[in-house]
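Values below: every heavy atom of this structure, side chains too, minus hydrogens, waters and symmetry copies. The chains referred to below are lettered A, B, ... by the order of the sequence lines, with proteins before strands, and numbering in each begins at 1.
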Protein chains: 2
Amino acid sequence: MLRLIDLQKSYRLGQTSIAILHQINLSIESNEFIALMGPSGSGKSTLLNILGILDDYDQGEYWLDGTLMKSLTETRAAQYRNRFIGFVFQSFNLLSHLTALENVALPLRYLGQSLHERTNCSKSLLTQMGLEGRFHHLPTELSGGQRQRVAIARALATRPRLILADEPTGNLDSSASREILDVFSTLHRDGATIVLVTHDEEVARRTQRTVRIRDGRVV
Amino acid sequence: MLRLIDLQKSYRLGQTSIAILHQINLSIESNEFIALMGPSGSGKSTLLNILGILDDYDQGEYWLDGTLMKSLTETRAAQYRNRFIGFVFQSFNLLSHLTALENVALPLRYLGQSLHERTNCSKSLLTQMGLEGRFHHLPTELSGGQRQRVAIARALATRPRLILADEPTGNLDSSASREILDVFSTLHRDGATIVLVTHDEEVARRTQRTVRIRDGRVV
Ligand SMILES: Nc1ncnc2c1ncn2[C@@H]1O[C@H](COP(=O)(O)OP(=O)(O)OP(=O)(O)O)[C@@H](O)[C@H]1O
Ligand SMILES: Nc1ncnc2c1ncn2[C@@H]1O[C@H](COP(=O)(O)OP(=O)(O)OP(=O)(O)O)[C@@H](O)[C@H]1O
Ligand SMILES: [Mg+2]
Ligand SMILES: [Mg+2]
């Protein structure tokens with residue numbers, strides 16, 4: 001489903017170039033549930049952003065479902081992302097002028113659902129995350145862990161085939177983490193492919209396989 | 001050093017009022033190292049913001065070092081914060097146009113240090129957090145856990161008497177967490193009073209006492 005071949009990624013910093021990912025080779029089959037772990041700064045978010053077609057890379061190949069993801073136009077990239085991928089950002093990236101409910105409902109517009117269907121679907125998802133009573137709060141009126149859960153609900157609203165989650169339980173107590181992982185497990189059971197970045201070995205234990213990264217290399 | 005008596009705090013939400021903290025009674029002695037734990041949404045950040053004089057409260061009393069903290073002017077509040085308190089925000093709150101080094105050096109201006117002294121002090125602190133090689137990166141050029149560590153370094157730069165840290169290890173692997181907690185332990189040994197909000201029992205184990213909060217009440 002996902003294949004990375006000799007992938008390299010550098011960032012430009014003024015005059016110099018700083019290499020972040022080196023010779024990444026990785027294969028993820030359809031319906032796998034993978035944990036991605038590694039030290040802070042090792043390249044996990046950088047790798048996840050490439051998988052989510054949010055960022056390009058410099059060398060090597062990224063194949064998604066049989067198609068080469070390289071130098072896509074923003075339109076093409078957006079199409080793939082909307083139809084295929086649910087992305088949970090490490091810093092949430094909620095829209096500050098929209099309520100929790102509106103943030104979650106936003107991606108559902110691409111599915112052509114009615115307002116009534118979008119609202120019900122979003123309410124159900126937020127409730128599963130323990131957020132009923134917070135539907136109409138703006139992000140600034142939510143706790144850190146509540147914002148994190150809204151970001152997760154938004155990524156899962158379209159029941160995407162590929163879920164990429166960047167440290168989705170970092171701001172959650174163990175009980176809220178368990179609720180989140182139950183939702184992930186259900187979606188996995190229903191066929192989703194999941195790559196979950198985490199620093200928590202307890203969370204990794206709930207996935208099928210752990211890929212470890214250090215200094216931009218898979219170890 | 002810190003005393004909360006029957007503290008209450010509500011948020012206004014349109015026409016209604018939503019009570020967040022109820023009858024909070026809490027005493028923290030000078031040079032204590034306290035963990036504050038509780039479910040997501042239970043009121044930890046709200047409480048920490050009150051302790052950090054970043055937010056006012058509705059009923060009860062907050063005594064800081066023998067002075068009542070109630071309805072302070074912004075000037076007075078800022079004076080107390082700058083001279084007394086180091087605050088690590090749950091969402092970091094770094095200045096996006098300043099480098100890691102500049103962000104950490106900023107609070108040192110209040111101490112009247114020379115540019116040379118401020119630079120050396122900041123470099124030393126960032127190095128202790130494992131961030132040498134990232135001094136001149138902007139926040140957008142840092143990983144989530146690196147931003148978190150810059151936020152921590154900035155809070156500790158003035159060696160404040162009171163350190164309030166809101167989930168400072170949420171984005172860190174265990175090795176980086178340990179480095180951070182070593183720095184906290186050293187400052188504690190040198191006399192600081194520390195209140196550390198965390199979801200991690202491992203982190204709480206490194207403090208002297210754990211205060212637990214649930215639905216806005218100390219349990
Ligand atoms: N725009 C940029 N320019 C230069 N370097 C960058 C840029 N963005 C990230 N980096 C560097 O790339 C490295 C990898 O960053 P990345 O965000 O992928 O780490 P991570 O593994 O997700 O870390 P964390 O666990 O802290 O979230 C870091 O050392 C970071 O400083
Ligand atoms: N401006 C606001 N208006 C209304 N409600 C708010 C506002 N800010 C926070 N809240 C609510 O107050 C409660 C406590 O928030 P707080 O940020 O203190 O929680 P927390 O214990 O720090 O949670 P977390 O572990 O998720 O960070 C939450 O239920 C939140 O929805
Ligand atoms: Mg990251
Ligand atoms: Mg909080």
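Atom CZ of A:Arg159 has 12 or fewer heavy atoms from other residues, nucleotides or ligands within 6.0 Å. The neighbour count for A:Asp215 CG, taken as heavy atoms of other residues, nucleotides or ligands under 6.0 Å away, does not exceed 12. Counting non-hydrogen atoms of other residues, nucleotides and ligands closer than 6.0 Å to CZ of B:Arg76 gives a total of 12 or fewer. Summarising the local packing, CD of B:Glu61 is surrounded by more than 12 heavy atoms from other residues, nucleotides or ligands at distances under 6.0 Å. The number of heavy-atom neighbours closer than 6.0 Å to CD of A:Gln208, taken from other residues, nucleotides and ligands shown, is above 12. The environment of B:Arg3 atom CZ is sparse: at most 12 non-hydrogen atoms of other residues, nucleotides or ligands sit within 6.0 angstrom. For B:Asn25, the CG atom is densely surrounded, since the number of other residues' heavy atoms within 6.0 Å is greater than 12.
How far CZ of B:Arg12 is from CD of A:Glu141: 12.5 Å, rounded to the nearest 0.5 Å.
For a residue to count as touching a neighbouring chain, one of its non-hydrogen atoms must lie under 4.5 Å from one of that chain's; by this rule B:His137 touches chain A with the side chain only. The contact between A:Ser143 and chain B is made entirely by side chain atoms (from C-beta outward), counting heavy-atom distances below 4.5 Å. In this structure, no portion of B:Leu138 lies under 4.5 Å from any heavy atom of chain A. Contacts of B:Glu167 with chain A are made by side-chain atoms alone, with heavy-atom separations under 4.5 Å and no backbone atom involved. Only the side chain of A:Leu13 has a heavy atom closer than 4.5 Å to any heavy atom of chain B.
Note on A:Ala176, A:Gly41, A:Ser91: by heavy-atom pairs under 4.5 Å with chain B, the leading option is A:Gly41.
Side-chain N or O atoms of A:Asp173 include one that pairs as donor or acceptor with a backbone N or O of B:Ser40 at under 3.5 Å. B:His199 contributes a side-chain N or O that, together with a main-chain N or O of A:Asn171, makes up a donor-acceptor pair within less than 3.5 Å.
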